[in-house]
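Here the structure is laid out as structure tokens; the discussion comes afterwards.
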Amino acid sequence: MFKRILIANRGEIALRVIRACRELGVETVAIYSQADRDAGYLQLADEAICVGPARAADSYLRIDRVISAAEIGNVQAIHPGYGFLSENAHFAEVCRSCDIGFIGPTPEAMARVGDKNSARALAREAGVPCVPGSDGLITSEQEAVTVARSIGFPVLLKATAGGGGKGMRVAANDLALASAWQQASAEAQAAFGNAGIYIERYVERPRHVEVQILGDTHGTMLHLWERDCSTQRRHQKLIEESPSPRLAPETRTAMCAAAVRLAKTAGYHSAGTVEFIVDQQGNFYFIEINARIQVEHPVSEMVTGIDLVKAQIRVAAGEKLEMKQEDIVPRGHAIECRINAEDPANGFRPCPGRIERITAPGGFGVRFDSHVAAGYVVPPHYDSLLGKLIVHQATRREAIETMARALKELRIEGIKTTVPLHLEVLANSAFHDSQVDTTFVERMLAG
Amino acid sequence: MFKRILIANRGEIALRVIRACRELGVETVAIYSQADRDAGYLQLADEAICVGPARAADSYLRIDRVISAAEIGNVQAIHPGYGFLSENAHFAEVCRSCDIGFIGPTPEAMARVGDKNSARALAREAGVPCVPGSDGLITSEQEAVTVARSIGFPVLLKATAGGGGKGMRVAANDLALASAWQQASAEAQAAFGNAGIYIERYVERPRHVEVQILGDTHGTMLHLWERDCSTQRRHQKLIEESPSPRLAPETRTAMCAAAVRLAKTAGYHSAGTVEFIVDQQGNFYFIEINARIQVEHPVSEMVTGIDLVKAQIRVAAGEKLEMKQEDIVPRGHAIECRINAEDPANGFRPCPGRIERITAPGGFGVRFDSHVAAGYVVPPHYDSLLGKLIVHQATRREAIETMARALKELRIEGIKTTVPLHLEVLANSAFHDSQVDTTFVERMLAG
Amino acid sequence: MSAAQSQGDIFDVKKVRRLIELMKEHDLSEIDLKQADQRVRIKRGQEAVVYAPPVAAVAPRTSVVAAESAPVESSRILVISSPMVGTFYRSSGPDSAPFVKVGDRIGPEKAVCIIEAMKVFNEIPAGISGQVVAVLVENGAAVEFGQPLIKVDPEA
Amino acid sequence: MSAAQSQGDIFDVKKVRRLIELMKEHDLSEIDLKQADQRVRIKRGQEAVVYAPPVAAVAPRTSVVAAESAPVESSRILVISSPMVGTFYRSSGPDSAPFVKVGDRIGPEKAVCIIEAMKVFNEIPAGISGQVVAVLVENGAAVEFGQPLIKVDPEA
């Protein structure tokens with residue numbers, strides 16, 4: 001096991017990794033920007049090193065500074081968290097060349113699954129269903145039209161380097177396709193420096209279901225069942241749960257097996273997530289692999305009883321996974337609500353500022369993962385996640401009741417949060433009946 | 001289901017019941033003494049009624065005032081919590097005569113198990129092993145000597161109405177027995193108004209293991225497996241865990257079956273605890289039944305996934321238990337540490353006062369049940385329990401690691417607590433090896 | 001809910017003004033009234049520590065509601081508060097006259113109300129002498145322990 | 001809900017204004033009104049400790065390390081702080097003389113130290129003129145971003 005690792009991240013995931021390390025007896029070096037210098041979780045690390053000013057591009061995203069901090073911090077490995085450098089294959093390569101362990105997949109596997117087009121090729125190789133679409137990148141508008149006609153309208157244009165909905169366009173016919181093509185490639189070029197676009201059939205009102213995978217460097221690859229993240233707003237996940245409600249048992253088994261097959265084909269190890277969409281007929285299609293720990297990993301932890309971050313650190317240190325697939329038996333139902341510093345009444349505008357008072361919920365089945373405390377100032381430079389409220393109960397109905405109870409106990413004074421939105425979703429009958437697809441929240445808010 | 005219930009208690013257990021009710025959609029009426037008027041949990045109740053001054057005998061223990069509050073609060077039932085009136089059969093009777101539901105066993109069952117001597121008779125009837133001892137109360141010193149010789153020294157003298165170690169004496173021979181007899185009966189008379197004493201063989205260095213039971217009013221009686229509460233100081237439990245380490249599987253099964261048999265013989269329903277001691281040879285002996293929810297109930301909740309307080313309210317409302325014994329499968333290992341306002345460096349003197357700041361621990365496997373917050377003033381009138389820190393992990397070793405991590409995250413400023421003592425126990429190799437009996441903490445503190 | 005409605009709107013500024021005038025009149029530094037889910041709390045003057053010199057005179061802290069059961073002097077007006085939890089009645093029956101009304105002169109033995117608890121009707125004696133200046137609770141309302149019931153001016 | 005509605009909007013600014021006027025008029029320090037799930041709480045003036053004359057002059061808070069990389073004035077002394085994370089070296093090699101020592105006069109172009117980061121040795125220029133008054137970090141020590149390295153008196 002590592003003696004000391006560096007955490008190349010901030011906020012709740014930095015605290016999450018510190019907690020895992022403290023339980024493993026591993027020392028931690030935290031890095032921080034000047035905007036985060038007063039954050040309380042830094043005191044739980046064994047050492048904290050300032051790597052730059054508030055702007056992420058000058059601090060958390062600066063590979064040279066993070067590596068320097070790892071060197072002066074004298075660590076054996078780096079945990080990248082999520083976001084920032086976590087899916088940057090070049091960063092993973094630099095770590096390797098500096099002889100610093102990277103707590104994640106190899107740079108090669110990361111690159112293989114990171115590009116959507118090559119990931120689709122891997123999926124086909126592994127016999128995992130993809131949304132019908134182009135075999136590779138589309139290079140001209142004419143080709144786009146030909147492909148779209150062959151797979152059938154409506155179609156979805158996606159940036160190969162994309163994420164978070166950027167560079168995505170839906171086209172219902174030839175005419176719409178022409179302008180969508182130009183917008184999508186321009187947007188992709190601007191956002192990712194890569195104008196590569198591919199085309200898929202547009203699946204209407206899909207559910208977003210993803211499979212948590214976990215593999216070691218000795219050839220074992222397991223899944224920790226699925227999460228349903230259909231409750232989204234503008235492609236941003238709001239509520240995640242496990243198991244996915246209304247998923248047929250055979251679909252579930254097939255999807256989890258497909259995820260493991262795909263990960264093995266990619267030569268993947270560590271924790272990761274294989275994302276699928278499920279259409280209204282219950283067919284599932286591979287979308288992408290997230291080569292890192294995910295924000296919503298706690299719901300899988302709750303139902304399986306497995307600490308994913310500790311497992312991730314253990315396999316990075318070369319340990320074998322002791323468990324077998326048949327040992328991973330889900331129990332009960334878990335739900336996570338992301339508590340963001342946003343104002344639901346004001347177009348979900350980020351709402352940085354000082355938290356005057358906070359009362360965390362507690363009791364049976366409640367977990368609150370948050371780096372904030374009274375007096376904490378939410379900096380405007382990063383994402384607006386304040387914490388994650390996770391509940392675990394015997395049934396989905398009880399999980400909803402516990403979540404509503406816990407949300408009402410959670411008091412955050414000084415800034416606006418997404419708590420009222422969550423309460424609205426939980427009270428919605430479509431959510432109760434699990435009639436949720438990725439368009440649900442927007443329809444609810446419009447209604 | 002009840003529409004509205006009154007909670008005849010205070011502190012963390014009052015908050016625990018409020019949380020259960022909020023999840024069940026049941027309204028709550030809290031009562032409070034003038035010392036508790038500013039306690040934050042009162043705001044989570046639908047109504048709060050002051051029942052008297054700080055002294056418990058003038059407020060929480062006043063049956064007339066509690067019943068009046070139930071009447072003006074217009075409730076259908078009363079949850080008594082633990083302590084105070086929870087095991088007062090007369091109070092349960094008054095509730096019945098006032099047509100107010102009592103969330104607990106019937107007064108008859110409570111009376112039957114509440115008296116230790118009659119509980120021993122029930123145990124013999126149910127074929128549950130008791131520590132060899134007198135058949136009933138001892139009425140003279142001469143009889144004490146005769147009985148002690150027949151069961152063999154050393155012997156333990158216990159008050160039939162006792163609890164918390166009061167009225168208990170060990171005697172190693174005839175001479176010691178004479179003075180022990182007089183002290184014990186005088187102490188029992190003073191403490192409980194009942195000088196009744198019985199004699200048992202003294203079991204050296206026993207483990208304290210108890211079985212959680214849960215029954216409905218339709219004849220179903222289940223167990224939720226056992227808890228080990230051997231980590232005590234002066235008969236006060238400090239740390240509880242489930243499952244009990246080093247308990248042979250067949251002992252465990254036999255003990256749990258015995259608890260259910262005994263509860264059925266007593267005509268018991270609701271939640272309750274059957275306490276046993278286990279001697280160094282692994283034999284178990286019945287000690288007593290606690291006819292209420294217990295402080296340490298969360299460890300059983302964590303390993304079974306069953307919310308005991310909600311179940312208790314449901315069965316009190318006449319609902320049938322849906323689950324079967326074979327559905328109650330323990331998972332992982334849970335540990336609870338009682339966080340008391342006591343000064344370990346000063347003979348564990350209670351340490352009331354104002355809490356200036358509190359940081360609650362969080363993350364995977366951590367539950368913190370506490371009614372205190374920054375600014376809370378711990379009143380000197382009641383027990384010193386500030387909260388309960390509970391962890392749940394796959395294995396006992398990991399549970400210990402998570403507990404140590406969480407205890408170090410928990411910061412309470414302004415008063416002294418038992419946190420340092422817990423850290424000392426967790427670091428002790430005898431505790432790691434589960435070589436713990438009820439004398440362990442005192443031996444550890446003696447150095 | 002019914003209790004809240006019967007007591008009317010505590011956010012009524014006029015009511016608050018009357019309370020404040022009472023505070024000034026009697027030089028109170030704090031009023032804290034709580035009933036069911038209603039609470040009125042008003043502080044006057046500098047609450048906290050004043051370091052000298054010169055030392056500011058700090059008004060003596062008085063409490064109108066904290067007493068165990070006996071009324072406590074607050075400047076001049078005394079308050080009879082409820083010694084138990086129950087239902088407050090101003091008279092011994094629906095057709096009877098109230099035990100006391102504003103303006104009555106009373107002695108310590110005078111029954112001022114009945115509080116019903118557990119079907120027992122308890123006559124509450126005044127315990128003090130003076131003139132009734134206010135009856136604070138409506139007939140039939142629930143009262144908790146320590147709740148102010150009747151105000152008495154002992155010097156009137 | 002109905003009770004809340006019947007009481008009207010407690011966020012009514014006019015009502016709050018009247019409450020505040022009331023507070024000013026009567027020199028109240030706090031008002032706290034609570035009913036059902038509504039609450040109005042207003043505090044006025046100095047909540048806490050009041051120190052008497054003479055008031056001690058509190059030094060203005062300054063930060064010598066908060067700047068992005070440029071030194072920040074604190075009274076007269078300027079500080080050169082580290083523009084990166086790395087290892088600090090006072091000289092270009094074990095046998096070389098230090099770039100600067102206390103008492104040296106330096107100009108903006110003058111290299112004052114080397115910071116090694118990722119095997120790259122970065123010469124750090126002073127950026128300012130003046131006299132070195134202190135070297136704050138030991139040779140070979142790790143430095144973080146923004147850490148003060150050298151103090152310079154620009155007016156000496």
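As a basis for the values below, the full set of heavy atoms in this structure was taken, side chains included, without hydrogen atoms, waters or symmetry mates. Convention: sequence-line order gives letters A, B, ...; per-chain numbering from 1.
In this structure, the side chain to side chain donor-acceptor pair (under 3.5 Å) partners of B:Asn346, at least two apart in sequence or on a different chain, are B:Asp343, B:Arg349. Residues forming a side chain to side chain donor-acceptor pair (under 3.5 Å) with B:Asn88 (at least two apart in sequence, or on another chain): none. Annotation: side chain to side chain contact (heavy atoms under 4.5 Å, CB included) contacts of B:Ser118 (sequence neighbours excluded): B:Asp115.
At a heavy-atom separation below 4.5 angstrom, chain C is approached by B:Ile63, B:Asp64, B:Arg65, B:Ile67, B:Ser68, B:Ala69, B:Glu71, B:Ile72 within residues 62-78 of chain B.
In B:Lys416, the NZ atom is not crowded: 12 or fewer heavy atoms of neighbouring residues, nucleotides or ligands sit closer than 6.0 Å.
How far SG of B:Cys50 is from CE of C:Met84: 13.5 Å, rounded to the nearest 0.5 Å. Put simply, CZ on C:Phe145 and CG on B:Asp58 are 7.5 Å apart, with the number rounded to the nearest 0.5 Å.
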Practice item. Carefully, step by step, assess C:Met118 and B:Val94 under the rule side-chain contact (heavy atoms from CB on, under 4.5 Å). Key: CA-CA 10 Å; C:Met118 296 184 71; B:Val94 173; 3.8 Å; yes
